[in-house]
Visitor: 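Starting off with a structure, shown below.
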Amino acid sequence: MSRIGNKPILLPADVTVTVNNHTVSAKGPKGELSFDFDNSLEIVVEEKEVLVKRPSDSKWEKTIHGTTRALVHNMIVGVSQGFTKTLEINGVGYRAALQGKQLIVNAGYSHTCDFDIPEGLTVELPKNTIIKISGIDKQLVGQFAAEVRECRKPEPYKGKGIKYSDEHVRRKEGKTAKK
């Protein structure tokens with residue numbers, strides 16, 4: 001039984017949620033998101049909360065129940081507060097720059113890694129070694145941050161590369177010479 005799926009989602013005062021023909025839409029101060037959910041589930045919007053209900057305990061409905069509740073919750077949090085991922089670049093000469101709608105990362109290769117910033121995301125560079133990616137869609141923010149990190153993952157010996165700000169890179173000891 002999904003315990004996550006049974007929890008009610010509390011609605012902030014400035015967010016409105018509407019359900020129309022197996023499509024749930026959330027509108028808030030940051031923007032608007034919509035999601036098509038499985039037709040076997042039912043989403044009920046009450047005054048200050050949203051409930052996701054399943055009609056039976058079949059395996060498929062149990063599987064999709066908690067996932068749907070989490071996706072609706074992420075929509076509500078996204079349109080009210082938004083999501084942010086922060087990346088740190090470590091390494092001599094490693095840096096990032098913005099050119100229009102492109103993020104250009106110099107990560108120690110003979111070429112730069114160029115990323116087109118998706119619609120709906122904002123990218124800020126407080127320093128040339130810190131990248132802040134923010135938006136209302138949690139999946140889009142996480143996917144773009146993962147693509148930027150993939151350019152040069154952090155390596156365990158010197159710690160060079162692109163890492164999340166809250167990520168801990170486990171360091172290894174290098175080879176030692178015989179005495």
Side-chain angles (χ1 to χ4, degrees), residues 1-88 96 98 101-103 105 115-126 130-151 153-154 161-170:
M1 183 166 152
S2 173
R3 285 179 255 163
I4 296 289
N6 292 329
K7 289 175 62 176
I9 304 166
L10 298 177
L11 278 177
D14 52 354
V15 175
T16 59
V17 175
T18 57
V19 179
N20 187 10
N21 239 8
H22 300 294
T23 300
V24 62
S25 300
K27 189 172 187 178
K30 298 250 182 196
E32 186 174 353
L33 289 173
S34 64
F35 165 66
D36 295 330
F37 61 94
D38 191 68
N39 58 3
S40 63
L41 298 177
E42 178 186 2
I43 296 180
V44 179
V45 180
E46 294 176 357
E47 287 181 19
K48 299 207 181 229
E49 65 183 20
V50 178
L51 295 170
V52 179
K53 297 180 180 179
R54 67 174 188 256
S56 68
D57 285 341
S58 71
K59 186 173 182 178
W60 170 250
E61 289 171 357
K62 282 182 174 181
T63 305
I64 203 71
H65 187 216
T67 303
T68 303
R69 190 259 179 209
L71 291 172
V72 172
H73 179 262
N74 287 340
M75 284 174 40
I76 292 170
V77 171
V79 297
S80 63
Q81 300 168 5
F83 294 100
T84 302
K85 291 267 188 186
T86 305
L87 299 170
E88 294 176 359
L98 284 173
K101 292 292 282 175
Q102 269 198 331
L103 175 68
V105 178
F115 300 98
D116 293 327
I117 299 170
E119 199 66 36
L121 291 185
T122 58
V123 177
E124 300 172 5
L125 297 174
I130 296 177
I131 304 169
K132 279 192 171 187
I133 303 166
S134 57
I136 61 172
D137 189 355
K138 185 175 186 175
Q139 192 275 331
L140 191 61
V141 170
Q143 180 66 38
F144 187 67
E147 288 172 4
V148 172
R149 183 181 178 274
E150 189 70 26
C151 175
K153 289 183 184 177
I162 303 171
K163 70 178 190 82
Y164 297 111
S165 62
D166 57 350
E167 179 182 9
H168 176 72
V169 178
R170 196 166 142 222

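Keep in mind that the numbers below use all heavy atoms, side chains included, and drop hydrogens, waters and symmetry copies.
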Visitor: Specify the closest pair of heavy atoms between Asn74 and Phe83, including all atoms of both residues, with the distance to one decimal.
Guide: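 Taking Asn74 first and Phe83 second, the nearest heavy atoms are O-CE1, 3.4 Å.
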
Visitor: What pairs with Phe37 under ring pair (Phe, Tyr, Trp, His ring centres under 6.0 Å), at least two apart in sequence or on another chain?
Guide: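 For Phe37 the ring pair (Phe, Tyr, Trp, His ring centres under 6.0 Å) partners, ignoring immediate neighbours, are His22.
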
Visitor: Do you know which two heavy atoms are closest between Arg149 and Lys163, and how far apart they sit?
Guide: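 In terms of heavy atoms, the two residues are closest at NE-CA, 4.5 Å.
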
Visitor: Pairs in or reaching into residues 23-43: which pass side-chain hydrogen bond (donor to acceptor under 3.5 Å, both in side chains), with residues at least two apart or in two chains?
Guide: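 Sorted pair list: Thr23-Asp36, Asp38-Ser40, Asp38-Trp60.
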
Visitor: Could you pull out the closest heavy-atom pair between Val79 and Gly31, with the gap in Å?
Guide: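 Looking at all heavy atoms of both residues, the closest pair is CG1-O, 3.5 Å.
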
Visitor: Starting at CD of Glu88, measure out to CG of Asp166 and round the result to the nearest 0.5 Å.
Guide: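 Result: 9.0 Å between the selected atoms.
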
Visitor: Could you pull out all residues at least two apart from Glu46 that satisfy side chain to side chain contact (heavy atoms under 4.5 Å, CB included)?
Guide: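 With sequence neighbours excluded, Glu46 shows a side chain to side chain contact (heavy atoms under 4.5 Å, CB included) to Val44, Glu49, Leu51, given in chain and number order.
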
Visitor: Please check: side-chain N/O of Arg69 versus main-chain N/O of Lys7, any donor-acceptor pairing under 3.5 Å?
Guide: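 Yes, Arg69 side chain to Lys7 backbone: donor-acceptor pair under 3.5 Å.
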
Visitor: For the side chain to side chain contact (heavy atoms under 4.5 Å, CB included) test, which of Ile43, Leu71, Asn6, Ile64 pairs with Val52?
Guide: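 So, applying the side chain to side chain contact (heavy atoms under 4.5 Å, CB included) to Val52 and each of Ile43, Leu71, Asn6, Ile64, only Ile43 qualifies.
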
Visitor: Run the side-chain donor-acceptor check on residues 131-146: report pairs under 3.5 Å with partners two or more places apart or on a different chain.
Guide:
unit_1, atom_1, unit_2, atom_2, d
Ser134, OG, Thr122, OG1, 2.7
Asp137, OD1, Gln139, N, 3.3
Gln143, NE2, Glu147, OE2, 3.2

Visitor: For Lys153, look at atom NZ and say whether over 12 heavy atoms of other residues, nucleotides or ligands are found less than 6.0 Å away.
Guide: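 Open.
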
Visitor: Measuring from Glu61:CD to Leu41:CG, what's the distance to the nearest 0.5 Å?
Guide: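 Glu61 CD to Leu41 CG: 6.5 Å, rounded to 0.5 Å.
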
Visitor: For a quick test of reading the model, state the closest non-hydrogen atom pair linking Pro154 to Val169 and the distance between them.
Guide: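 Reported closest heavy-atom pair: CB-CG2, 3.7 Å.
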
Visitor: Leu87 versus Ile130: any side-chain heavy-atom pair under 4.5 Å?
Guide: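 Not touching, per the 4.5 Å side-chain cut-off.
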
Visitor: Quick one: which residue pairs count as a side-chain hydrogen bond (donor to acceptor under 3.5 Å, both in side chains) with a foot in residues 8-18, not counting sequence neighbours?
Guide: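 Sorted result for residues 8-18: empty, none.
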
Visitor: First locate atom CD of Glu119, then atom CD1 of Ile117, and finally report the distance between them rounded to the nearest 0.5 Å.
Guide: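 It comes to 10.5 Å.
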
Visitor: Suppose we screen for side chain to side chain contact (heavy atoms under 4.5 Å, CB included). Which residues come up paired with Val17, at least two apart in sequence or across chains?
Guide: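 Expected list: Leu11, Val15, Val24, Ala26, Val45, Val50, Ile76.
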
